[in-house]
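Predicted model only: the values in this text are computed from it and were never measured. Ligands are counted one by one from 1 in listed order, and the atoms in each one are counted from 1 as well. Numbering starts at 1 and runs along the sequence shown.
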Amino acid sequence: MQDIAPAVALRMMHITTRLAAGIAAAFSLWGFVLYSYGDAGARSQVAFFLALTMIGCIFCLTHLRPAALIVAAIGVAPYCVFFTFADQGRSRILAVILAVVGVGMVATILRNYVDFAELVASRRALMAKHKETLRLSDENSRLAKQDSLTGLDNRRAFIAELMALSGEAREVAMAFVDLDGFKEINDDYGHEVGDELIKTLARAFAGRAPESAVLARIGGDEFAVVAAGPDAKAQILGFADTVCQRLRSPFMVGERKVRVGASIGVAAAAPGDCDGHELLRRADVAMYKVKANGKFGVEVYSPELDAERRRQTILMDEIRFGLARGEFEVFYQPIVEARTSAIVSVEALLRWPRRPAGPIGPDAFIPAAEAGGLIEPLGLFVLRRACEEFSGFADIAVNVNVSPVQFRDREFERKVAAILAETGFPPLRLCLEVTEGYLIDDPQRAAAVIAALRAIGVRVVLDDFGAGYTSINYLQKYGFSAIKIDRSITSRIAFDEKARVLVNGIVYLANGLDMLVTAEGVETEEQACILRIAGCQYLQGYFYHRPQPMIDLLAGALALPQPAFAVA
Ligand code: C2E
Ligand code: CA
Ligand code: CA
């Protein structure tokens, strides 16, 4: 049925009412004129059919009350009057019948009209309810697609958008932004600060997203942006770069300055290349690569990354099984006192000699374990094993490497203390080696861990000094007991005047800041000599001892070689 607009319906009803009035008047007039013809029988026939026609018309107009009443008034009332006086009152009975029928009809019309009005009102109410239901369901579906904290699209809406865009004949590109260090902010300052930071970041990202792109929060600390069009990839890469730039400076959350990083994976697809789910997976693979490389940066997906990811997954399984089956071993490399060459300490170094697929070095599996979340059990295995094996050697300290990932763990100090307590290893003989990466990542947390460890008597050494960018200024802030000069510097001192100057400077500074200096990677007598003269207190390297299993160390350590040169 065709819907008629209310205004049109009203106009048509007005016309109908006027027409009804006009036709009723004409019809009545015609009836009166006709009445003067014919005999009594014919007249009563005319009167009967007139009355019947009027009654029929009035009933037809029941739902148009004014028209029905007008027809009743024009078509019935005059006849009542007419029949009352016509034929010297002989037709009065007709007038009475007409009057009774007329009154009955008017009463019916009025009652019908009330029913009809109620029907319309209830229909109206129903329509209003229906509209409200629609509005609520719209609101529901909007909320189901929206992230309540930021007002951005949520994961579901993003995937729907991604699927729709990847079905179009356009290039699609997306970036997967995973925040680095957000969990720590939540842990340190509470969820309110975390939430505020997320909102601030959402605004910062929205301000940098390409105009037609869709930005979404697809997880607690994950954002994603997708764009389509001929330069979608360039736009998304531009977005990723500006986001990285912005994240280099801190954000203000209330009164607080907080820093957060991001690992961003970018993936692009030509029309028909892949669907939305696959594009998201590719961006995730690229993002994972950034994490594996030490976080904070941008990586673009390429199929080689898939192969790498597969190898990484296999390696993670191997490590997990390897730990359970006892495939790992700890080797120890002695650290000697520079003047006497006497062993003062050993560095525990992880080995994987019983790996079924063949042994690989820690340089190959430690970074993978860090990225895959397995460095913690590995690190604690080394710590426990070293503490167990050396608890009986009263005068030898043990150096254990600690990954920056472990340092980030809020429970780290407690776990170290627990292992010391379980193994009975004296904390004063434990020294943890940490590289600078973490210091730059989260200076506050690093300083707090070092202070907590010092409080229980454990020393912390800065490893690989000179290989990165550690600022001298940092050194004094953290409370390191010692620094280890990186092998890359040691290997140059014999022929590189600048390396010698550097070592002299490092020793001078470190000693001035109450830190001892160990030089690692000493392979020749000449290097040992130069380092000793430069003032390094401790030396470590193949020239003295190679990393070896406990059993070999025990056999050899009893007959240590004497220094091959006179000590100044
Ligand atoms: P690192 O902490 O710098 O350890 C010193 C590395 O230098 C060891 O390699 C050691 O074997 C090697 N080295 C020692 N003296 C010499 C020398 O005179 N010449 C040369 N060319 N190399 C020397 P390794 O055992 O392969 O370990 C490599 C890295 O793997 C370590 O570097 C450390 O960063 C990591 N690593 C080893 N074990 C562990 C561990 O238990 N936990 C953690 N987190 N990292 C570990
Ligand atoms: Ca080390
Ligand atoms: Ca080192």
For ligand 1, indicate whether the residue Asn401 contacts it via side chain, backbone, both or neither (heavy-atom separation under 4.0 Å). both
Indicate, as side chain, backbone, both or neither, the part of Gln540 found under 4.0 angstrom from ligand 1 when only non-hydrogen atoms are considered. neither
Contact region, Arg351 to ligand 1, non-hydrogen atoms below 4.0 Å, reads side chain
For Leu350, is at least one N or O under 3.5 Å away from an N or O on ligand 1? yes
Would you give me the side-chain donor-acceptor pairs under 3.5 Å for residues 385-397, sequence neighbours excluded?
| from | atom 1 | to | atom 2 | distance (Å) |
| --- | --- | --- | --- | --- |
| Arg385 | NH1 | Glu329 | OE2 | 2.9 |
| Glu389 | OE1 | Tyr332 | OH | 2.5 |
| Ser391 | OG | Glu388 | O | 3.2 |

Would you call Lys484-Glu520 a salt bridge at under 4.0 Å N-O? yes
Is the closest basic N to carboxylate O distance between Glu422 and Arg384 below 4.0 Å? yes
Which value, rounded to 10°, describes the OE2(Glu347)-the Ca ion (ligand 2)-OD2(Asp463) angle? 180°
Row check, Phe205 ring normal vs Arg208 NZ/CZ: under 6.0 Å, within 45°: no
What do we get for Arg487 next to ligand 1 when only non-hydrogen atoms under 4.0 Å count, side chain, backbone, both or neither? side chain
Contact with ligand 1 for Gly521, non-hydrogen, under 4.0 angstrom: yes
Nearest heavy atom to atom 8 (C) of ligand 1, choosing from Leu349, Leu378, Ile335, belongs to Leu349
Contacts table for residues 232-250: side-chain donor-acceptor under 3.5 angstrom, sequence neighbours left out:
| from | atom 1 | to | atom 2 | distance (Å) |
| --- | --- | --- | --- | --- |
| Thr242 | OG1 | Gly238 | O | 3.2 |
| Thr242 | OG1 | Phe239 | O | 2.9 |
| Arg246 | NH1 | Ser249 | O | 3.2 |
| Ser249 | OG | Arg246 | O | 3.4 |

Give yes or no for whether the N/O distance cutoff of 3.5 Å, strictly under, is met between Glu433 and ligand 1. no
